[in-house]
**Student:** 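One structure is given below, represented as structure tokens, and several questions about it will come after.
Starting from 1, each residue takes its place in the sequence as its number.
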Amino acid sequence: GNLDQMSSDFDLSWNLLSSAVPTQLGLLDKMSSGFYLNLNLLSSAVPTQLGRLGQMNFGYDLSLNSLSSAIPTELGNFQMSSGFYLHSNSLSSAIPTELGKLQQLTGGFELWDNPLCGVPTQVEALSSGIEDFYVWASPSWAGDDDVIDTVAQNCTDPNPGDDDDDYENREGDRAPNMGSTISLVLIVALSFIVIVLAILVALRRRQRYAALAEEDDHSGNSGSYVELVDDPELGGGGDGDGDGDGGTTGPPLLPGAGSSDGVLCPAAP
């Protein structure tokens, strides 16, 4: 597109973008803050052309993808003050010493959850002046600690003498990649929708049953009655109305209420 004059807030995060990072994004060389491609499904190497964004000083985020290969040395050209995030990818090889030039960084330097090999002394030297400086080769190498600032690794067994586990076993314990995270979010969202629909259907049925019950109540109290035939066994007196009163007219009665009176028999609906 024609976004080469854009200077801030290029945000394509929280999508399902896949395949390679376009090299054309390197043309956004006037960007100074807010370059966000995090939380996608990007799976290529980080293009060296992104190193042309030399004016970047805040918010460079490629985390939570499946980016691979080595970290480009060109990223050390940034003038970053905070927010340099490449964590939770598949970046490998050694951390470039050129990242040690990011000496203006004061907060947010995160390379964790990548199978990287070693932390150069130039990069480790940044840790004294940076809040949230998280760098290690793999979260599984960090043991049970929640936060580990730096772990210098050299691509060998990170725990010499530990016969219970080896690197391959620990790699199986790595945090799930972005694809698994998005799948989990979709499952939770769909489950919530199903629950809401079930509740709505139940409420609708309850309202329907209440309406039907109300209709039955009204029809059952209509006040109409059936006419009983004259039958001596029902206590009739031969007057044709079956109440045994010798001709008194009125609603038909059933025996059981008083000596000669009965109970009213409502008509069937």
Side-chain angles (χ1 to χ4, degrees), residues 8-22 34-44 59-68 83 85-90 108 110 112-114 132 134 138-140 142-147 169-229 234 242 250-258 261-269:
S8 64
D9 296 327
F10 181 83
D11 191 349
L12 296 179
S13 62
W14 287 83
N15 284 287
L16 296 175
L17 301 176
S18 58
S19 191
V21 178
F35 184 84
Y36 304 113
L37 292 177
N38 54 302
L39 283 158
N40 280 289
L41 301 174
L42 300 171
S43 57
S44 67
Y60 184 84
D61 196 344
L62 301 181
S63 65
L64 291 158
N65 282 284
S66 297
L67 299 173
S68 59
Y85 304 118
L86 295 178
H87 64 84
S88 302
N89 280 289
S90 297
E110 301 191 18
W112 57 274
D113 196 6
N114 284 291
D132 299 330
Y134 301 139
S138 168
S140 59
D144 297 327
D145 294 336
D146 294 328
V147 176
N169 290 335
R170 293 191 183 96
E171 277 293 288
D173 296 331
R174 293 188 64 194
N177 59 26
M178 190 55 206
S180 300
T181 303
I182 292 178
S183 298
L184 179 59
V185 171
L186 291 176
I187 291 173
V188 172
L190 290 174
S191 300
F192 177 76
I193 292 173
V194 170
I195 292 173
V196 171
L197 290 177
I199 292 174
L200 292 176
V201 170
L203 291 175
R204 177 60 179 166
R205 287 180 177 175
R206 184 172 181 178
Q207 293 174 350
R208 178 63 176 165
Y209 292 154
L212 292 175
E214 186 176 354
E215 291 178 5
D216 290 342
D217 290 341
H218 288 311
S219 62
N221 295 324
S222 60
S224 59
Y225 299 91
V226 297
E227 182 178 357
L228 298 180
V229 298
L234 298 178
L253 300 175
L254 288 177
D261 294 331
V263 294
L264 294 178
C265 178

**Student:** Sequence neighbours excluded, which residues qualify as side chain to side chain contact (heavy atoms under 4.5 Å, CB included) partners of Leu16?
**Tutor:**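 Leu16 satisfies side chain to side chain contact (heavy atoms under 4.5 Å, CB included) with Leu41, Ile182 once adjacent residues are dropped.
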
**Student:** On a heavy-atom basis, which atom in Ser43 and which in Ser68 lie closest, and how many Å separate them?
**Tutor:** O-OG, 3.8 Å

**Student:** Side chain to side chain contact (heavy atoms under 4.5 Å, CB included) with Ser44: which residues, sequence neighbours excluded?
**Tutor:** Ala20, Val21, Leu67

**Student:** Can you tell me how far the OG atom of Ser66 sits from the CG atom of Asn40, to the nearest 0.5 Å?
**Tutor:**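 Interatomic distance, Ser66 OG to Asn40 CG, rounded to 0.5 Å: 10.5 Å.
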
**Student:** Could you give the distance from CG (Leu186) to OG (Ser191), rounded to the nearest 0.5 Å?
**Tutor:** 10.5 Å

**Student:** What residues, two or more places apart in sequence or in another chain, satisfy side chain to side chain contact (heavy atoms under 4.5 Å, CB included) together with Arg205?
**Tutor:** Val201, Tyr209

**Student:** Mind checking what makes ring-ring contact (aromatic ring centres under 6.0 Å, His included) contact with Phe10, not counting sequence neighbours?
**Tutor:**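 Residues passing ring-ring contact (aromatic ring centres under 6.0 Å, His included) with Phe10: Phe35.
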
**Student:** State the CG-CG distance between Leu203 and Leu200, to the nearest 0.5 angstrom.
**Tutor:**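 Leu203 atom CG to Leu200 atom CG measures 6.5 Å (nearest 0.5 Å).
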
**Student:** From Asn38 CG over to Tyr60 OH, what is the distance, rounded to the nearest 0.5 angstrom?
**Tutor:**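 Interatomic distance, Asn38 CG to Tyr60 OH, rounded to 0.5 Å: 11.5 Å.
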
**Student:** Residues two or more places apart in sequence or in another chain: which of them pass side chain to side chain donor-acceptor pair (under 3.5 Å) with Ser13?
**Tutor:**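 Result, side chain to side chain donor-acceptor pair (under 3.5 Å) vs Ser13: Asp11.
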
**Student:** Looking at Asn89, is its backbone amide N or carbonyl O close enough to the side chain of Asn65 to form a donor-acceptor pair, meaning the two atoms are under 3.5 Å apart?
**Tutor:**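 Judged by distance alone, no pair lies under 3.5 Å.
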
**Student:** Could you list the residues that satisfy side chain to side chain contact (heavy atoms under 4.5 Å, CB included) with Asp9, not counting sequence neighbours?
**Tutor:**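 Asp9: no side chain to side chain contact (heavy atoms under 4.5 Å, CB included) contacts found.
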
**Student:** For the atom pair CG (Asp113) and CG (Leu64), what is the distance rounded to the nearest 0.5 Å?
**Tutor:** 8.0 Å

